[in-house]
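Structure first, then comments.
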Amino acid sequence: MKKIQFELNTKPQLNQFDTLIIPVFSEGQTISAAADFGINGLIEALDKQDDFKGKPAQTLMLHQVSQLACPRLLLVGMGELSKLTEKGYLSAIQAMAKTLENSGATRVLDTTHLATPKGQLQNWSLYQNSLILQRSFYDYNHESRGEHKPKNPHLAQLCFMAENNDSHQQAIQQGQATAIGMALTQDLANMPSNFCTPSYLADTAIQLGKQAGFKVTILERQQMIDMGMGSFMAVAQGTDTPPKMICIEYQGGSADQAPIALVGKGVTFDTGGISLKPGASMDEMKYDMGGAATVIGVFQALAELKPSINVVGVIPATENMPSGNAIKPGDVVRSLSGQTIEILNTDAEGRLILCDALTYAQQTYQPGLVIDIATLTGACIIALGNHVSGVLGNDQTLIEQLLASGRQTYDRCWQLPLGEEWDEQLKSNFADMANIGGREGGTITAAQFLARFTQEVKWAHLDIAGTAWQSGANKGASGRPVPMLVEFILQQARG
Ligand code: BES
Ligand code: MN
Ligand code: ZN
């Protein structure tokens, strides 16, 4: 992806730019930037004429404003100063990015970060602006998968009118690296399952590893059968497409430091298996590898940011298909952990592949903490909608840290409980546990299943069924929760 060249300068020369961006509040409140450039009068006049009143996310591009030393002036409405929320700010910056896309703006001086919403620091606005602007280049193009013809061919350089210091620079770098990671996550999740197979995910990881110096290891079907991953292999036995376990290692810390493990569900297509899903919207099950795509996107961002910490990614990848070889309801399998599972519904396949990946990650890497990321349950969409991911786990400190990272990046998650009452719903007469716990509390019983495989480690589970994808007119992958996880990892690296 083409990278914007970001800069910081408190005293920029306006004639070095072709576009100046100014935030405008409604009700006549102005910020100093407008006065600095001598356009207060112009903004007042536009307000009087009812041409531009600074309404939330309203934009106006003006050309050849007399006495302004650059040819374009872009006004961005912020609404009322006292009512500016984080969401309102983000909508305004998105509208600004859209207007830039449809213009020839190439060298831009941006001052919108000065309109930081209450409760946030300027770092936050710099991070969000660089993330949103860099993301505005993203456009899924099936023909040029992976290579982005930038949607905005002009924008090349963007200077924030702010002090050039380390913390501002870090905020911008984090925003840009996150956007680049999200683009990869979106590409993988948007790609149809006849292209984005487990092998394609593995190749993407290998490629990324070559570029960035990550160690990448791929386990094949026969190896995994021999190792005893009976649960993952039970799902994979129904498909001729080779399953893969993809392992990526980033070493930014000392060799003896226990890594963070990210485990991502990589079901490249979920038909439900013999417990076949209904036909409506089944196409969207190509994004059932959203957890895997998130892990790969996070590693892409790590390649950019190189934080001082160790991270491993473990991705079980397979299709979930009905076939003559597929698992059937009532089948019993033995997981890598030794615990046996009665598969009562073949559509609850995510937990079946994750449990072996969780065991494998603990045995192989002795991580300090494990986070799994999965489009695991439709119930999570019913409970929380599409705006926040579900988070559950066995370590409240870890959960609080994830909640905080989500709030900070506006890639939020919300905690659901775990407990013995829900665990009892997994009781089976024929194995150590069943793979479903009934309709009630479906997101919780799914996590309760995973909890049985993470008893010895700090663990959190992110259910991203609602957040990884948008349905409707703007249908497609969202790139979430890459922002939250990148922030979490950077916080952990800071100690
Ligand atoms: N991949 C689905 C969950 C899902 C559903 C994600 C809709 C995104 C949108 C998962 O494998 C699944 O099928 N879960 C079942 C579990 C049930 C059989 C216990 C579900 O949610 O219905
Ligand atoms: Mn399923
Ligand atoms: Zn699934």
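One-based numbering, in listed order, for ligands and for the atoms of each.
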- Task: Please lay out, stage by stage, how Phe195 and Tyr200 fare under the test ring pair (Phe, Tyr, Trp, His ring centres under 6.0 Å).
- Result: CA-CA 7 Å; Phe195 289 91; Tyr200 187 90; 8.1 Å; no

- Listed as residue and atom, the protein N/O/S atoms under 2.8 Å from the Zn ion (ligand 3) are Lys265 NZ, Asp270 OD2, Asp288 OD2, Glu349 OE2

- Assess the side chains of Gln415 and Glu400: does a donor N or O sit below 3.5 Å from an acceptor N or O? no

- Message: Distance alone, cut at 3.5 Å: any donor-acceptor contact between the side chains of Glu456 and Gln362?
- Response: no

Give a yes or no on whether [X] atom [atom1] has more than 12 heavy-atom contacts from other residues, nucleotides or ligands under 6.0 Å away.
X: Arg334; atom1: CZ; value: no
X: Lys277; atom1: NZ; value: yes
X: Asn102; atom1: CG; value: yes
X: Arg494; atom1: CZ; value: yes

- For the atom pair CD1 (Ile315) and CG (Asp372), what is the distance rounded to the nearest 0.5 Å? 12.5 Å

- Item | cation_pi(Arg452, Phe449) dist<6.0 Å, angle<=45 | no

- Ala477: side chain to side chain contact (heavy atoms under 4.5 Å, CB included) partners, not counting sequence neighbours: Gln186, Ala189, Asn190, Trp469

- Message: With 2.8 Å as the limit, count the protein N, O or S atoms near the Mn ion (ligand 2).
- Response: 4

- Query: For ligand 1, what is the set of protein residues having any non-hydrogen atom at a distance below 4.0 Å?
  - Reply: Lys265, Asp270, Lys277, Met285, Tyr287, Asp288, Asn345, Asp347, Glu349, Arg351, Thr375, Leu376, Thr377, Gly378, Ile381, Ile436, Ala465

- Given Asp347, Asn345, Asn320, the one that forms side chain to side chain donor-acceptor pair (under 3.5 Å) with Ser275: Asn345

- Task: Carefully, step by step, assess Glu349 and Lys265 under the rule salt bridge (charged side-chain N to carboxylate O under 4.0 Å, His left out).
- Result: CA-CA 10 Å; Glu349 85 297 341; Lys265 174 178 172 182; 3.1 Å; yes

- Any donor and acceptor pair, going by atom type alone, linking the side chain of Asn394 with main-chain N or O of Trp459 inside 3.5 Å? yes

